[in-house]
There are 2 protein chains.
Amino acid sequence: MSEAQSSADDGRASDDADPRGASRPVGLALRLIERVAEWQPIGASDLARRLALPKATVHRLLLALETFGWLERDGGSRPLWSVSMRPIAVGGRAIERKSGLRMAALSVMDALRHQTGESIHLGLVDGENIVLIERIDGVNSVNIFLPVGTSWDLSWSSSGKSVLAHLPEAELASYLQTPRYRRKSETDIIPATELRQELAGIRDRGFAISVGVPPAASSSIGAAIFDKRGRPFAGLSITGASDRLREEQLLALAPQITAAARRISIGMSMD
Amino acid sequence: MSEAQSSADDGRASDDADPRGASRPVGLALRLIERVAEWQPIGASDLARRLALPKATVHRLLLALETFGWLERDGGSRPLWSVSMRPIAVGGRAIERKSGLRMAALSVMDALRHQTGESIHLGLVDGENIVLIERIDGVNSVNIFLPVGTSWDLSWSSSGKSVLAHLPEAELASYLQTPRYRRKSETDIIPATELRQELAGIRDRGFAISVGVPPAASSSIGAAIFDKRGRPFAGLSITGASDRLREEQLLALAPQITAAARRISIGMSMD
DNA sequence: TTTAGCGTCCCGTATAATGGGACAAAGTAT
DNA sequence: ATACTTTGTCCCATTATACGGGACGCTAAA
């Protein structure tokens, strides 16, 4: 009888349906924040419809999130909602104090950008995604600046693939449970065997490359960063316009990216 | 610095501001996220004590926030909590879609960094703070890379002061209601009259400067960015090591920063 | 002008959060 | 090694709180 939890008909919940400790309003509120961030600026009714939730419930939560400073609305007669700066401020402070990663990586990244002239990206694994947490811009002209916080499936970036390649088999299998799509045409599924084969090569060589990635055509070479226990948890990559960084040039950067990633891993292990 | 005993929360919002839609658990959960971000890694009991909340309540909320993917704990025998990548991912997507600011600013910022060799910062006003939302690194060597999400009092940065200088009198008065501290020694209060005088000069000249700011000694020159209604809502600055950017060099950059800020303002008004 | 849709709010009901307290295990002092 | 402190975890009766159907006035489009 302890946790009967007769979720009868509401068991929808796109991503999380895990009532440990529960707290439904909290879950709703957080989902709201995420969806508003995705669809902003958006009106209350529209939001309620898309989430399949009662208008009154959504409205009440929006009001609450506004007074807590996480959401805000423009001053139109039909208010549209957006997220405030709060998540970024929270996330920024989090990065700042997080492990030693950022600190350990910055000097290495700076050196790397001066050696190569290209932009250096540092990503942190978040579940099945890799999130950009720091970017240092190269001297060469750059056609696109990815905002910090950009999140991609692990299979979509060179650094993500490097992480995948060094994941324990059990976790890789669980990752491959869900079909993965190609970056370019988001309807093509990548066959698991094809991905496994590529990952094997990456594991041997110690780096991954990725060519002509949308939205701007950019190419990159990446390597994984490991914690003290030898677990890959972050990735480093050199990224540039794909007309300058062709496969040939990317491969020439292999020694540098692997050395840099290794140096960061070592720097992290010294705490 | 006096924050040891106040326990509750000194930021803003939260607390018992009578949330219009109520939702106590939501407020608690959000406060928890913010405080964990600030104090991470932190244990549950410690957290409960600092927030003056029952241990059981905090524990339950922590569990809920973990299942929703906003907090995570390291795997020690005494778990310590930290925030996940979720807030950054949310914030990043928010920035991406926010107004046209980032898009309008990027090309101007890129041009500026090539002209000057220094790093360019773009900040967005958030209440009485200005939050760094984008940074483009200069070619010159940089001694510190501020993480996106860094948040400062408006009076602490050149871009923040530029915004203050163009605020409507009513809002400036409200801002000055609370005493402001000097950046260097956080105990010295800046007399309101002194600040007003500096702001008057900034309003006349159209830019502000700021010299030798901790933590790394860096100096900057900044200007405000206005929306279509003429309201200052963001700031742009050129920042570099203070031994290279002395007052003389900063002043020489005045035409460039004001032109760049104006160009962004105009770009924003064209929607 | 009409009308479909929106934002806003009320309020009775039933659900879900609350937090004191108990407990074992981890860490600290003796 | 032993006693003591503090931590993470969980239970459960109580009651405070979120829920959401529905009503209302207003906005913008037809």
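The sequence lines fix the lettering, A, B, ..., with proteins before strands; numbering per chain opens at 1. Owing to the predicted nature of the structure, the values given are computational and were not obtained by experimental measurement.
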Checklist entry - Do A:E134 and B:R135 sit within salt-bridge range, that is, some charged N less than 4.0 Å from a carboxylate O? => result yes

Would you be so kind as to tabulate the donor-acceptor pairs closer than 3.5 Å made by side chains of residues 125-132 of chain A, with sequence neighbours excluded?
{"from": "A:E128", "atom 1": "OE1", "to": "A:R180", "atom 2": "NH1", "distance (Å)": "3.2"}
{"from": "A:E128", "atom 1": "OE1", "to": "A:R180", "atom 2": "NH2", "distance (Å)": "2.6"}
{"from": "A:E128", "atom 1": "OE2", "to": "A:R180", "atom 2": "NH2", "distance (Å)": "3.2"}

Would you tell me if any nitrogen or oxygen in the side chain of B:S77 comes within less than 4.0 Å of OP1 or OP2 on C:dA25?
no

Electrostatic pair A:R31:A:E34 at N-O distance under 4.0 angstrom
no

task: Would you classify B:A56 as touching base, sugar-phosphate or nothing, given that sugar-phosphate means primed atoms plus P, OP1 and OP2, and contacts are heavy atoms under 4.0 Å?
output: base

Report task. Mind checking A:L80 for me? I need base, sugar-phosphate or nothing, with any heavy atom below 4.0 Å counting as a touch. Result -> nothing

* Quick one: is B:R49 getting a side-chain N or O under 4.0 Å of the D:dT6 phosphate, OP1 or OP2? -> no

- Query: Counting any heavy atom closer than 4.0 Å, what does A:T57 reach on the DNA or RNA strands: base, sugar-phosphate only, or nothing?
  - Reply: base

Between A:H59 and A:R78, the residue closer to the 5' end of DNA chain C by nearest nucleotide is A:R78

### Task
State whether B:E171 and B:R231 are salt-bridged, where the test is any N-O pair (Lys NZ or Arg NE/NH1/NH2 against Asp/Glu carboxylate O) under 4.0 Å.
yes

Would you say the side chain of B:K55 and the base of D:dG8 hold a donor-acceptor pair, judged only by whether the two atoms sit under 3.5 Å apart?
yes

Does a distance-only test, which skips hydrogens and angles, find a donor-acceptor pair under 3.5 Å between the side chain of A:R24 and the base of C:dA16? no

Categorize B:L62 for me: base, sugar-phosphate, or nothing, with a 4.0 angstrom heavy-atom threshold over every strand shown.
nothing

Between CG of B:L61 and P of C:dG19 the distance, given in whole Å, is 10 Å

